[in-house]
Amino acid sequence: MTGKKIDVDKLDLELMKEKTTENPGTLPYAHHSGSAIIKPEDKGKITGRAVAAMHSQTDMQMAQIYEQMQVLAEQAKKIQARIEVSERIYQASISFEPLINHRYFLYQKSDGSDFMSMIAPEEWGRKKDWASFVAEVKLLADHTWEILRENT
């Protein structure tokens, strides 16, 4: 064996005790030359990626909820329009009994009063009894009226 001789008297056993452990697997660094390399993780990079992924996912979910809200808002507008036309029809003059799922026509006379008819605007002859066509409607089972065509 060649090399430098170790002077055992100069060894500081207390100092060496501080640099060794009985459980080397708990050290935050490699404890001998054959150990796996342990690199500290960049916690900011890890957190940044996680936050970016979280924002991407939640933005997508918020967009889906927003689209659902738009659909619901459109449905609410259609229901509100049905309520408004239904109230107008039930205050109009109706000289027949309307049947569910049949089409009827709402007109306004020149004096401002409304009336319902079974005759479409294009079916009237020269002598029409109305000033303006309001809407073509269909009576639904819940006794509201669906607007099929409006005079816009």
Side-chain angles (χ1 to χ4, degrees), residues 12 14-152:
D12 186 358
E14 290 300 317
L15 181 63
M16 288 187 81
K17 198 184 267 186
E18 291 177 12
K19 294 183 179 183
T20 61
T21 180
E22 290 180 16
N23 300 316
T26 62
L27 294 174
Y29 53 86
H31 67 283
H32 62 78
S33 62
S35 296
I37 298 173
I38 300 173
K39 292 182 180 178
E41 289 291 336
D42 183 354
K43 290 185 181 181
K45 187 191 303 182
I46 293 170
T47 303
R49 285 183 189 152
V51 168
M54 179 266 308
H55 278 289
S56 173
Q57 194 66 23
T58 55
D59 287 348
M60 183 180 68
Q61 291 170 341
M62 290 297 284
Q64 289 173 341
I65 291 171
Y66 181 72
E67 288 173 14
Q68 292 170 353
M69 288 172 34
Q70 286 180 317
V71 168
L72 291 173
E74 286 300 316
Q75 289 174 344
K77 285 179 187 176
K78 287 181 181 178
I79 291 171
Q80 185 61 39
R82 276 184 26 214
I83 291 170
E84 290 170 3
V85 78
S86 296
E87 287 176 344
R88 185 170 178 180
I89 288 170
Y90 285 123
Q91 296 197 5
S93 171
I94 304 174
S95 57
F96 55 90
E97 181 182 351
L99 300 174
I100 293 172
N101 288 327
H102 284 73
R103 294 172 184 243
Y104 301 102
F105 303 90
L106 180 64
Y107 298 96
Q108 186 175 42
K109 291 183 177 182
S110 55
D111 65 0
S113 64
D114 294 333
F115 74 96
M116 288 284 287
S117 174
M118 292 185 263
I119 302 171
E122 51 277 351
E123 295 173 343
W124 285 84
R126 290 185 207 167
K127 186 178 177 189
K128 57 182 185 178
D129 195 20
W130 47 275
S132 66
F133 166 69
V134 178
E136 179 180 353
V137 294
K138 179 171 76 170
L139 181 59
L140 301 177
D142 64 355
H143 288 272
T144 60
W145 295 83
E146 178 183 4
I147 301 169
L148 302 174
R149 171 175 53 143
E150 276 187 287
N151 185 18
T152 52

Test item: [X] and [Y] side chains (from C-beta on) under 4.5 Å apart, heavy atoms:
X: Leu99; Y: Tyr104; result: yes
X: Arg88; Y: Trp145; result: no
X: Ser95; Y: Phe115; result: no
X: Arg82; Y: Asp142; result: yes
X: Gln68; Y: Val71; result: no
X: Val85; Y: Val134; result: no

Give the ring-plane orientation class for Tyr107 versus Trp124, where under 30° counts as parallel, over 60° as perpendicular and anything between as tilted.
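Rings of Tyr107 and Trp124: perpendicular, over 60°.
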
Grab the two heavy atoms, one from [X] and one from [Y], that are nearest each other, plus how far apart they are.
X: Ser110; Y: Ala131; result: N-CB, 3.5 Å
X: Pro121; Y: Phe133; result: CG-CD1, 3.4 Å
X: Ala81; Y: Ile147; result: O-CD1, 4.1 Å

Let's go through Arg149 and Glu122 carefully: what are the C-alpha distance in whole Å and the side-chain angles of both, what is the deciding distance for salt bridge (charged side-chain N to carboxylate O under 4.0 Å, His left out) to 0.1 Å, and is it a yes or a no?
CA-CA 13 Å; Arg149 171 175 53 143; Glu122 51 277 351; 3.4 Å; yes

Quick one: pull up [atom1] in [X] and [atom2] in [Y] and give me the separation to the nearest 0.5 Å.
X: Gln70; Y: Gln75; atom1: CD; atom2: CD; value: 12.5 Å
X: Met116; Y: Leu139; atom1: CE; atom2: CG; value: 8.0 Å
X: Ser56; Y: Gln61; atom1: OG; atom2: CD; value: 10.0 Å
X: Arg103; Y: Leu148; atom1: CZ; atom2: CG; value: 5.0 Å
X: Leu72; Y: Ile65; atom1: CG; atom2: CD1; value: 11.5 Å
X: Asp59; Y: Met54; atom1: CG; atom2: CE; value: 9.0 Å

Ignoring hydrogens and angles, tell me if any N or O in the side chain of His102 forms a donor-acceptor pair with the backbone of Ile100 under 3.5 Å.
yes

For atom [atom1] of [X], is the number of surrounding heavy atoms from other residues, nucleotides or ligands below 6.0 Å larger than 12?
X: Glu97; atom1: CD; value: no
X: Met62; atom1: CE; value: no
X: Tyr66; atom1: OH; value: no

Using side chain to side chain contact (heavy atoms under 4.5 Å, CB included), reason through Glu84 and Gln80 one step at a time and then give a plain yes or no.
CA-CA 6 Å; Glu84 290 170 3; Gln80 185 61 39; 3.4 Å; yes

